[in-house]
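Reckoned from all heavy atoms, side chains included, excluding hydrogens, waters and symmetry mates. By convention in this document, chain letters (A, B, ...) are assigned in the order of the sequence lines, proteins followed by strands, and residues within each chain are numbered from 1.
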Number of protein chains: 2
Amino acid sequence: MRYLCGPQPGDLSGLDVDELAALNAIGRQRALAPGESLIWEAEDSVLVANVIDGVLKLSSNTEDGREQIVGVVYPADFIGRPFGGANSHGVTALTDARVCLFNRRDFTAFAAAHPQLEHKLLERTLGELDCTRRWMLLLGRKSASEKIASFLLETRDRLNAPKGCEFRFEDGPETIELPFSRQQIADILGLTIETVSRQFTRLKDAGIVDLPSRREVRILDSAALEAEAG
Amino acid sequence: MRYLCGPQPGDLSGLDVDELAALNAIGRQRALAPGESLIWEAEDSVLVANVIDGVLKLSSNTEDGREQIVGVVYPADFIGRPFGGANSHGVTALTDARVCLFNRRDFTAFAAAHPQLEHKLLERTLGELDCTRRWMLLLGRKSASEKIASFLLETRDRLNAPKGCEFRFEDGPETIELPFSRQQIADILGLTIETVSRQFTRLKDAGIVDLPSRREVRILDSAALEAEAG
DNA sequence: CGTGACTTTGAGCCATTTCAACACGCGTGG
DNA sequence: CCACGCGTGTTGAAATGGCTCAAAGTCACG
């Protein structure tokens with residue numbers, strides 16, 4: 001069960017090599033430091049971007065400052081609204097990141113010339129919609145412990161996503177390096193930072209995970225985690 | 001602010017009339033009674049459907065029976081996974097409904113022949129993704145009273161969606177006819193049925209709404225509702 | 001080392017859930 | 001026409017999971 005959205009079957013890497021090169025040619029690259037936001041400037045300025053490297057969050061906020069992270073994007077993911085309306089979510093780098101920006105005019109023209117791209121984008125977007133909807137079950141109906149367990153499993157799978165074709169026959173204790181602070185985990189799961197912290201120490205005390213450092217989690221008993229995930 | 005997803009700018013009604021007719025020709029119509037589910041049968045059987053009439057829910061469930069409604073679809077909305085993977089959510093009629101079903105083979109062929117359709121579908125899907133993400137803020141971060149207020153405003157807007165081009169200059173007390181039971185409202189908002197009920201009577205006691213019957217809500221003070229929506 | 005940001009831990013509280021009883025509306029059948 | 005039963009909704013009282021507030025602990029970095 002995957003929630004946070006990663007490379008889908010309709011990954012853009014499925015594009016022709018020369019198409020990809022052409023696409024990159026019309027974009028300009030930009031580096032982001034952790035905490036830095038991509039602001040969608042003027043109307044016909046930057047509207048779409050492709051993540052080259054790093055991890056970014058999409059977030060939604062209430063007027064009084066509460067935040068909900070509504071998506072986490074990894075390399076090869078697309079962000080932005082290719083067509084139509086104003087952009088609706090903040091986009092902020094969680095790690096050092098590089099993105100490739102396109103302005104609307106160029107991107108629209110490119111899409112028109114390459115129906116293949118639109119098709120891939122559609123497949124990708126449908127996949128993300130599915131992921132996002134699954135995540136709603138977690139937000140609306142799961143307890144704190146279920147949320148944490150689901151989150152850890154999800155993040156492990158996401159970070160282990162096959163980059164090449166390495167298969168992983170052995171899955172003993174795996175250490176995952178979280179690109180998130182406790183506060184960000186709380187904002188992903190709809191919890192408070194204290195609850196996240198308490199759940200982590202509970203899992204550690206139960207021998208289900210080990211916490212070598214603030215940003216590392218070593219899963220010792222993934223069966224137990226899966227049982228907790230609900 | 002709109003959450004539940006309705007006709008987007010990329011509404012399929014933007015298709016040519018003859019294209020729409022051709023699309024309808026390759027589908028078969030099916031009627032559903034309230035509570036009846038659309039099951040996605042064999043691999044290359046029904047995979048996509050277009051809502052003609054009625055209201056349906058998309059829902060996600062935990063193994064132990066908790067449910068979260070992850071989307072509500074109205075006439076002219078599309079449901080299903082046009083390409084790739086297994087369908088991930090249950091689809092159940094909330095009212096009497098009619099849908100137009102397509103099997104994958106036909107639909108894929110049609111899409112290939114009509115790039116316009118894919119484009120519209122992409123716009124539509126991007127819009128739904130935005131709506132769904134906004135809904136996550138509600139699920140993860142809002143209190144029961146904020147959820148209820150948001151829900152009522154959202155449902156009012158959705159049910160009042162312009163069918164023709166009638167503008168509504170006067171917006172005095174409006175009665176909305178909910179296509180949802182209390183339990184379904186709870187499953188949309190990630191609450192219990194009791195909490196939903198209590199919030200409704202609180203709003204009634206405060207003079208913000210009137211409740212002529214179980215399925216009707218008359219909004220008396222929409223400003224107050226908006227203030228509560230967070 | 002010292003400073004500041006982040007994290008953990010504790011204690012009390014409160015919103016929502018849980019559990020349980022009751023009310024309403026409506027169709028069926030006596 | 002009324003009695004009955006059943007699904008649905010409401011109301012109450014008690015329990016509780018997660019939140020809030022507060023303080024102490026860690027770590028990275030100058």
| Where each residue is assigned the nucleotide of DNA chain C containing its nearest heavy atom, which of B/T195 and A/E194 is assigned the position nearer the 5′ end? |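 That would be A/E194.
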What is the separation between atom [atom1] on [X] and atom [atom2] on [N], rounded to the nearest whole Å?
| X | N | atom1 | atom2 | answer |
| --- | --- | --- | --- | --- |
| B/R141 | C/dA15 | CZ | P | 17 Å |
| A/Q199 | C/dT9 | CD | C1' | 14 Å |
| A/K204 | D/dT26 | NZ | C1' | 12 Å |
| A/I148 | D/dG18 | CD1 | P | 10 Å |
| A/K142 | D/dG18 | NZ | C1' | 18 Å |
| A/Q183 | C/dA5 | CD | C1' | 12 Å |
| A/F200 | C/dC6 | CZ | P | 16 Å |
| B/E146 | C/dT16 | CD | C1' | 14 Å |

Donor-acceptor pair present, [X] side chain and [N] base, under 3.5 Å:
| X | N | answer |
| --- | --- | --- |
| A/R182 | C/dT8 | no |
| A/Q184 | C/dC6 | no |
| A/R198 | D/dT20 | yes |
| A/R214 | D/dC27 | no |

| Heavy atoms under 4.0 Å, any strand shown: does A/S213 hit a base, just sugar-phosphate, or nothing? | nothing
| said: If the cut-off is 4.0 Å, is B/T201 near the phosphate of D/dT11, judged by side-chain N/O to OP1 or OP2? | reply: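 Yes, B/T201 has a side-chain N/O under 4.0 Å of OP1/OP2 on D/dT11.
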| Which is it for A/S213 and A/E216 under the side chain to side chain donor-acceptor pair (under 3.5 Å) test, yes or no, and what are the steps along the way? | CA-CA 5 Å; A/S213 80; A/E216 285 173 306; 3.1 Å; yes
| query | Hey, are B/K142 and B/S150 close enough side-chain-wise for a donor-acceptor pair under 3.5 Å? | reply |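 Yes, a side-chain donor-acceptor pair sits under 3.5 Å.
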| field | A/T125 side chain to A/E128 side chain, donor-acceptor N/O pair below 3.5 angstrom | value |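 A/E128 and A/T125 do not have a side-chain donor-acceptor pair below 3.5 Å.
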| Yes or no on side chain to side chain donor-acceptor pair (under 3.5 Å) for B/S143 and B/E146, after CA distance, side-chain angles and deciding distance? | CA-CA 5 Å; B/S143 68; B/E146 292 173 318; 3.3 Å; yes
